[in-house]
Amino acid sequence: MALSGEHMFGYRRPVPRAPAPTILHADLDAFYASVEQLLDPGLRRRPIAVGGGVVLAASYEARAFGVSAGMSGGRARRLCPGLTIVPGHFEEYQRLGDRVIDVLRSFTPLVERVSIDEAFLDVAGALHLFGSPGDIATAVRRRVHGEIGLAISVGAARTKHLAKVASQVAKPDGVIVVPVGEEAAFLEHLPVGLMWGVGPATRARLAGAGIHSIGELAAAPGPHLERLLGRAAGGKLAALAGDVDPRRIEVGGRARSVGAQAALGRRFPTPELVRTTFGYLADRVAGRMRAAGCGGRTVTVRIRFADFRSVTRSASVRHAVSSTLTLAEMCCALAGGAMADHPGDGQITLLAVSVANLVPDATAQLELPLGLDGGHRPGSAHRSARWSVDRSVDAVRARFGHGAVGYATVALSDDGRVPDAFRRLAERRLPDS
DNA sequence: TCTGGGGTCCTAGGACCC
DNA sequence: TCTGGGGTCCTAGGACCC
C-alpha cells in the first residue's frame, strides 16, 4: 500500500467536499412497450400496447392518443384506431431489466432496485472514478442505449425524492441534474402531483385549498398542511426541498408481505367460487413462502364489491402459516365474516389475500392449525399430512414445472386474466431464511 | 368508462401491560 | 376507588407506488 503524505503525518486531512447531487434515479422509458419495439423493428415509432383484455403498458406513440395502463383493450382501440396490441414477452422484460441493473452496478454497488425498470444509485463514492453526477448519468444513459438498446431517463439530486422528481421531468429519454442549492427553484412551478406520495386524492384535496404547484405547497403554513396531508407530510416536503433525506439507498431489500389477487368480473360469491379462488391464491402465496423458507403470522383478505367498495379482514396467529390448505381455510373463514358484514347486491369483483409478519424460519412449515371456526384443532396427524401434501406438490413442481400439479383456476375467466409470467414480474423477493 | 397484479406506508382506535 | 402516562400489538381502512 502506498503511503500518502497525509498518512505519514498520522492524520487524514478533512476533505472539504462541496455537497453534490449524488443520488441518481434511473427509470426506463415505457419499458414493456419499448422492449416490444426493440424485439420487433416493425413496431418502432408506432402506437402499441402490451396486454390483452387490459392494457399493461403503452408506447409513447400510443400515449399521445390517451392510451394508458389499466385501461381496457376495447377502450384503448377506440381511442387509438391504429393501435397494435401485443401479448408481451414477460421473460424478456425480466432479462433486459436485469441487464440494465447490471450496468448500473458497474458504476456503484449502492444500487437500490425499486421495480423491474427503475432504481436509485448513490454515486458519492464513484465520483473520483467516473466524474460528476451529471457525467455518470450521461454515461449510464449512453451505455444502456448502446449495449441494450433501451431509452432510460435519469435524475440526479441530493435526495431520493428529488432525484425521482427530476427523472420524471426528464422523461422521455433525458437527464436532469438538480444542483445543490437550486432545489427550490427547480420545484417551484412543478405540479404537486409529481411529489412522491401525492396521488389523485391528495391532489384533489390540495387543489381545493388552491394549491397546485410545489412552490405553493412549500409556501403554505405548516399546520394547514398537516391538516391536509397528515403528519408525515412535513418530512416529505423537507426531503423534497433538498434537506437531509432520512431515506438512504437500501441494497437488497426484501418484501415484508406476500400477496396475490384475482379479478373475477362480476360474480356472485358462491361457496364454490370463494373456495376455488382462495385455493388458487393461497397456493401461489404459500408456495412462494415455502420456497423462501418462511411463513407469515398475519393473514388479510380483501373483497371488492361490484360498486367498487372493498373490505378487508385480517387475523394474526401465534405460529406462522405456510401450508396452502391452512392458508386457504383462513381466507375462506375471514372472507365469510366480511361478506356477512357487508350486505349489498351481493356481487363481488375481486378476491385477494396477503400475508404479513413474515418469519424467516424453515420450521414455519410446521405451523399449527388455526381454529378460526371455533376451536377445531386437528391433531398432529392432520398437520403432518398437510405438510406432506405441500412437500409433494413443491417437489413435483421443482421437477416438472409449476403447471404440473396444483389448484385448477377454472373459476377465473380466461380473457381477463393476465399471464402468470406477468404476475411474477411484480413479485418482490422474500426474506432468505 | 368502471379498472390487472404485487407491494408499501400511514392513521386511528382499542386492548393490554407496566 | 380514581387518577396518569408510555409502550406494543392488533385491526380496518385508505392512499399510493410501479
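In what follows, chains carry the letters A, B, and so on, assigned in the order in which the sequence lines appear, proteins first and then strands, with residues in each chain numbered from 1.
Contact annotation: A/Thr202 side-chain N/O to C/dC16 OP1/OP2 distance is under 4.0 Å. Phosphate proximity of B/dG6 to A/Arg428: absent, as no side-chain N or O sits under 4.0 Å from OP1 or OP2. At C/dC17, none of the side-chain N or O atoms of A/Lys164 fall inside 4.0 Å of OP1 or OP2 (strictly under the cut-off). Residue A/Arg256 places no side-chain N or O under 4.0 Å from the OP1 or OP2 atom of B/dT8. Residue A/Ser257 places none of its side-chain N or O atoms closer than 4.0 Å to OP1 or OP2 of B/dG7.
A salt bridge is absent between A/Arg95 and A/Asp98: the closest approach of a Lys/Arg side-chain nitrogen to an acidic carboxylate oxygen does not fall below 4.0 angstrom.
For A/Arg256, the CZ atom is loosely surrounded, since the number of other residues' heavy atoms within 6.0 Å does not exceed 12.
Contacts of A/Ala260 with the nucleic acid, taken as non-hydrogen atoms under 4.0 Å apart, involve only primed sugar atoms and P, OP1 or OP2. Across all strands, A/Gln261 comes closer than 4.0 Å to base atoms (heavy-atom distances). Residue contacts for A/Arg304: at a heavy-atom cut-off of 4.0 Å it reaches the sugar-phosphate backbone alone, with no base atom in range. Within 4.0 Å (heavy atoms only), A/Val311 reaches sugar-phosphate atoms of the nucleic acid but no base atom. Within the nucleic acid shown, A/Arg78 comes within 4.0 Å of sugar-phosphate atoms alone, with no base atom in reach, counting heavy atoms only. Using a 4.0 Å heavy-atom distance criterion, A/Val198 is classed as a sugar-phosphate-only contact.
Rounded to an integer number of Å, the gap from CE of A/Met195 to C1' of C/dC16 is 13 Å. One atom, CZ of A/Arg75, and another, C1' of B/dC2, lie 9 Å apart when rounded to the nearest Å.
With 3.5 Å as the limit, one finds no donor-acceptor pair spanning the side chains of A/Glu272 and A/Thr270. Between the side chains of A/Asp29 and A/Ser153, at least one donor N or O sits under 3.5 Å from an acceptor N or O.
Paired with A/Ile148 under the rule side-chain contact (heavy atoms from CB on, under 4.5 Å), one option of A/Leu28, A/Leu96, A/Val35 passes, and it is A/Leu96.
The CZ atom of A/Arg205 sits 11.5 Å away from the CD1 atom of A/Ile211 when rounded to the nearest 0.5 Å.
A donor-acceptor pair is defined here as one N or O able to donate and one able to accept, closer than 3.5 Å; such a pair exists between the side chain of A/Gln37 and the backbone of A/Arg46.
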Its dot-bracket string being built from Watson-Crick and G-U pairs below 3.5 Å, with | for another strand and [ ] for crossing, DNA chain B has the pattern ....||||||||||||||

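The same atom, C1', is picked in B/dT1 and in C/dC18; the two are 23 Å apart, to the nearest Å.
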I'd like a table of donor-acceptor pairs (distance under 3.5 Å, sequence neighbours excluded) in which one partner is a side-chain atom from residues 348-358 of chain A, with atom names and distances.
residue	atom	partner	partner atom	Å
A/Thr349	OG1	A/Arg304	O	3.4
A/Thr349	OG1	A/Arg304	NE	2.8
A/Thr349	OG1	A/Arg304	NH2	3.4
A/Asn357	ND2	A/Thr298	OG1	2.7

I'd like a table of atom pairs between the protein and nucleotides 9-11 of chain C - only N or O on both sides, under 3.5 Å - with the distance next to each one.
residue	atom	partner	partner atom	Å
C/dC10	OP1	A/Arg297	NH2	2.6
C/dT11	OP1	A/Ser316	N	3.1
C/dT11	OP2	A/Ser316	N	3.3
C/dT11	OP2	A/Ser316	OG	2.4

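Listed nucleotides C/dC18, B/dG5, C/dC16 differ in distance to A/Asp117; the shortest reach to its side chain belongs to C/dC18.
Put simply, the side chain of A/Met195 does not reach to within 4.5 Å of the side chain of A/Val165, judged on heavy atoms.
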